Number of protein chains: 2
Amino acid sequence: MARSDTRYREAYNRILSFCDTLPVEATIPSETRLAEIAGVSRTIIRRCLSRLQDLGLISWEGRDKRLLRKPQDEDRIALPDAGPGKSDLEQRFLDWILRFDVPANTPLSVAELSRTFEVPQHDLKEFLAGLSRFGLVSRRPQGGWMLLGFTKDYAIELSDFRSLLEANAVSQVAEAPVDHPVWQGLSRLRQDHLALKAAIETDFHEFSKLDERFHQTINSVVRNRFIAEFQKVISLIFHYHYMWDKTEEKIRNEAAIDEHLAIIDALEARDADAARAATQRHLRTSKTTLLSSLRLHDLG
Amino acid sequence: MARSDTRYREAYNRILSFCDTLPVEATIPSETRLAEIAGVSRTIIRRCLSRLQDLGLISWEGRDKRLLRKPQDEDRIALPDAGPGKSDLEQRFLDWILRFDVPANTPLSVAELSRTFEVPQHDLKEFLAGLSRFGLVSRRPQGGWMLLGFTKDYAIELSDFRSLLEANAVSQVAEAPVDHPVWQGLSRLRQDHLALKAAIETDFHEFSKLDERFHQTINSVVRNRFIAEFQKVISLIFHYHYMWDKTEEKIRNEAAIDEHLAIIDALEARDADAARAATQRHLRTSKTTLLSSLRLHDLG
DNA sequence: CATGCTGCATTTAATTATTTAATACATAAA
DNA sequence: TTTATGTATTAAATAATTAAATGCAGCATG
């Protein structure tokens, strides 16, 4: 019943590696220096030094510390295996919601989720608290959490918000200097779109990836932490929804390719108004697709 | 070392009040019914019933429960005093940052904050996790949290984002139907602006409230949960920053009144383009003011 | 026989306790 | 004077613990 000592263990091995770079009999730097090297506090360093002394790796008297012998592989201490970690929890969580088609207003059990995602309950709660800012989840009066989205209203508001951000991005692309990397990206995207259009009969399912790349390229011009944060969620949601909605996928994708090309045309002509108009057309289609995919789920 | 029984205590008093509405000798509803009435689980209801029985308020055998006497005030159980609660934690936290001018890159101690705000550490962590979505705080590698904003970059990006949202709101106002409450609000705002302009020499500090009301009215037209969430933070930050920056306050406010009136004029003329242009002008001024107020803090 | 209530058992959530780690401060050595 | 160490204090992460919620089986009642 306490926090893990992973931090100590990692630091110990790091210090061991550092000692390996020193010759035998060498003086070992001060605790403060070692703390800097390992990126931890002195408290941990002192635990490490105690162990090094116990194992006879160093002598330690007052401020005189000497390396007695070269560290061996067996001197290292084992680390608890890392697991998937909470770094990509967001991806995995949204993936889970969408893949298993978790309906709106489902109670979420932190205990259960922490098992399925193999992260401590604590991290999960923190994550859910973050998501609640996007209105995807909320706390229940009787405790625990509740999945709110994806209702029709949520999808509409998300689409509208996306349109706003994307229109802004397109405007900024149109005003980007000629040496901005976005132009190279768009030129490559044009080729890839044309290539896919030629092979649409067989490769139409490849469009999903291309779509994500397209919107990412456009939005890469916008340097704004708030917008970037939202784009992560938006792109995930749209991306996954498209992946399932298999109705008329080929026709839809073929149309979307043309819509993308129209935007690229307008941008390369530096015609901001035309680009914005083309973007609005494209996003209206997206919105319709998203909504119809929801309707399918409601019926099934 | 466990969760509090506040839920039980509140439920007990609620059940007591319910019993007060019944005549003596009356049959008490089923556990499930009582659970619905009190808004808690059956587990709590059974604890309540046990206590009611112990105190001789009810008889309880199998499913036959009878009220033996009218509940008195002394039958109620004490509640741990509520404290400020975590409902307005956001307001209080932002207020604290801005009022005490907490600089960027300050480590935040959950333990300390939980004391100053009188909320459990747990609630605070949840709150901070939410704020991290706005890029205001982030986790530190060595544990704990760190206040990131308000740097210059943060202010710029926030201003830009605000402009985007506000331009959108203005566009929607211009297209709002004649019977929409926003028109009445704007008409009142016009009068109040004119009144303040007339009394600007003495009442110029009153503008802050008017400013908040103006932007709230404009944004009230937008029905979007994502935008609404951001507006809360944005308005707080701008509002407070203006409150301190006392340099040339009168002149600034006088100018802002004219800018607001220009927007109202354009909107009431249903001239969306002019309204957007006026809004951009106004927000450019806002941005400059926000940035200069930051510069003042850096120097002081 | 169906419906709904209760008793019991299991699971989950909130919160404290505990251990690890970070930090602050005093003291001693260089 | 500067820098390192020793010691004490405080904070953070996490498991343990209790409160509460939920699920299910059996029983009473109409």
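Values below: every heavy atom of this structure, side chains too, minus hydrogens, waters and symmetry copies. A, B, ... follow the sequence lines: proteins, then strands. Residue 1 opens every chain. Being a predicted model, the structure only gives us computed values, none of them experimental.
With A/Glu126 as reference, B/Arg139 is the one residue of B/Arg139, B/Lys125, B/Arg133 to meet the salt bridge (Lys or Arg N to Asp or Glu O under 4.0 Å) rule.
At whole-Å resolution of the value, CZ in A/Arg63 and P in D/dT7 are 13 Å apart. One atom, CG of B/Asp64, and another, P of C/dG7, lie 12 Å apart when rounded to the nearest Å. A straight line from CE of B/Met146 to P of D/dA11 spans 18 Å, rounded to a whole angstrom. One can place NZ of B/Lys65 at 15 Å from P of D/dA28, the figure rounded to the nearest angstrom. In this structure, B/Asp5 atom CG and C/dT16 atom C1' are separated by 14 Å, rounded to whole Å. One interatomic measurement links the two molecules: CD1 of A/Ile45 to C1' of C/dA21, which rounds to 12 Å at whole-angstrom precision. Residue A/Gln121 contributes atom CD, which lies 8 Å from atom C1' of C/dT12 at whole-angstrom precision. Look at CD on B/Glu61: it is 13 Å from P on D/dT29, rounded to the nearest Å.
When distances are taken from the side chain of A/Ser4 to each of D/dT14, D/dG26, C/dG7, the shortest belongs to D/dT14. Closest approach to the A/Arg47 side chain among C/dA29, D/dC27, C/dT20 is made by C/dT20 (side chain taken as heavy atoms from C-beta onward). Picking from C/dA28, C/dT23, D/dG6 the nucleotide with the shortest atom distance to the side chain of A/Trp60 gives D/dG6.
Within the 4.0 Å cut-off from OP1 or OP2 of D/dA20, not a single side-chain nitrogen or oxygen of B/Thr43 is found. Listed pair A/Arg3 / C/dT18 fails the phosphate criterion, with no side-chain N or O lying under 4.0 Å from OP1 or OP2. Dashed line: the shortest gap from a side-chain N or O of B/Arg139 to OP1 or OP2 of D/dA13 is under 4.0 Å. Not one side-chain nitrogen or oxygen of A/Arg42 sits closer than 4.0 Å to the OP1 or OP2 atom of D/dA8.
Salt bridge status for A/Asp64 with A/Arg66: present, with a side-chain N to carboxylate O gap under 4.0 Å. The residues A/Arg14 and A/Glu10 are annotated as salt-bridged, a charged nitrogen and a carboxylate oxygen being separated by less than 4.0 angstrom.
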Worked verdict on A/Phe230 versus B/Phe226 for ring-ring contact (aromatic ring centres under 6.0 Å, His included)
CA-CA 9 Å; A/Phe230 263 111; B/Phe226 309 106; 5.8 Å; yes

Run the side chain to side chain contact (heavy atoms under 4.5 Å, CB included) check on A/Leu67 and A/Glu25 step by step: do they pass?
CA-CA 5 Å; A/Leu67 187 63; A/Glu25 281 292 297; over 6 Å; no

I'd like to know whether A/Arg225 forms a side chain to side chain contact (heavy atoms under 4.5 Å, CB included) with B/Phe161, so could you lay out the CA-CA distance, the side-chain angles of the two residues, the decisive distance to 0.1 Å, and finally the verdict.
CA-CA 9 Å; A/Arg225 66 194 76 188; B/Phe161 193 51; over 6 Å; no

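Residues from residues 107-116 of chain A lying near DNA chain D, meaning a heavy-atom separation below 4.0 Å, are absent. Of the residues in residues 8-28 of chain B, those placing a heavy atom less than 4.0 Å from an atom of DNA chain D are B/Tyr8, in numerical order. Residues from residues 122-137 of chain A that place a heavy atom under 4.0 Å from any atom of DNA chain C, listed by number: A/Lys125.
Along DNA chain C, the nucleotide nearest B/Thr32 and the nucleotide nearest B/Pro120 are compared for position; the residue whose nucleotide lies closer to the 5' end is B/Thr32. The 5' end of DNA chain D is approached more closely, in terms of each residue's nearest nucleotide, by A/Pro29 than by the other of B/Gln142 and A/Pro29. The 5' end of DNA chain C is approached more closely, in terms of each residue's nearest nucleotide, by B/Glu31 than by the other of A/Val40 and B/Glu31.
Other residues, nucleotides and ligands contribute only 12 or fewer heavy atoms inside 6.0 Å of the CD atom of B/Glu61.
A cation-pi geometry, defined here as NZ or CZ lying under 6.0 Å from the six-membered ring centre and within 45° of its normal, holds between A/Arg51 and A/Tyr12.
Counting any heavy atom pair closer than 4.0 Å across all strands shown, A/Arg140 reaches sugar-phosphate atoms only and no base atom. Base engagement by A/Arg46 is indicated by at least one non-hydrogen atom pair under 4.0 Å involving a base atom.
In the interface, the side chain of B/Arg7 is not paired with the base of D/dA20 through any donor and acceptor atom under 3.5 Å apart.
A side-chain donor-acceptor contact under 3.5 Å links B/Arg140 to the backbone of B/Gly143. Formation of a donor-acceptor pair under 3.5 Å by the B/Lys70 side chain with backbone atoms of B/Asp20 is found in this model. A/Ser109 contributes a side-chain N or O that, together with a main-chain N or O of A/Glu112, makes up a donor-acceptor pair within less than 3.5 Å.
Counting heavy atoms from C-beta outward, B/Cys19 and B/Ile15 have side chains that approach closer than 4.5 Å.
Checked by atom type, the side-chain pair A/Ser17/A/Arg76 shows a donor-acceptor distance below 3.5 Å.
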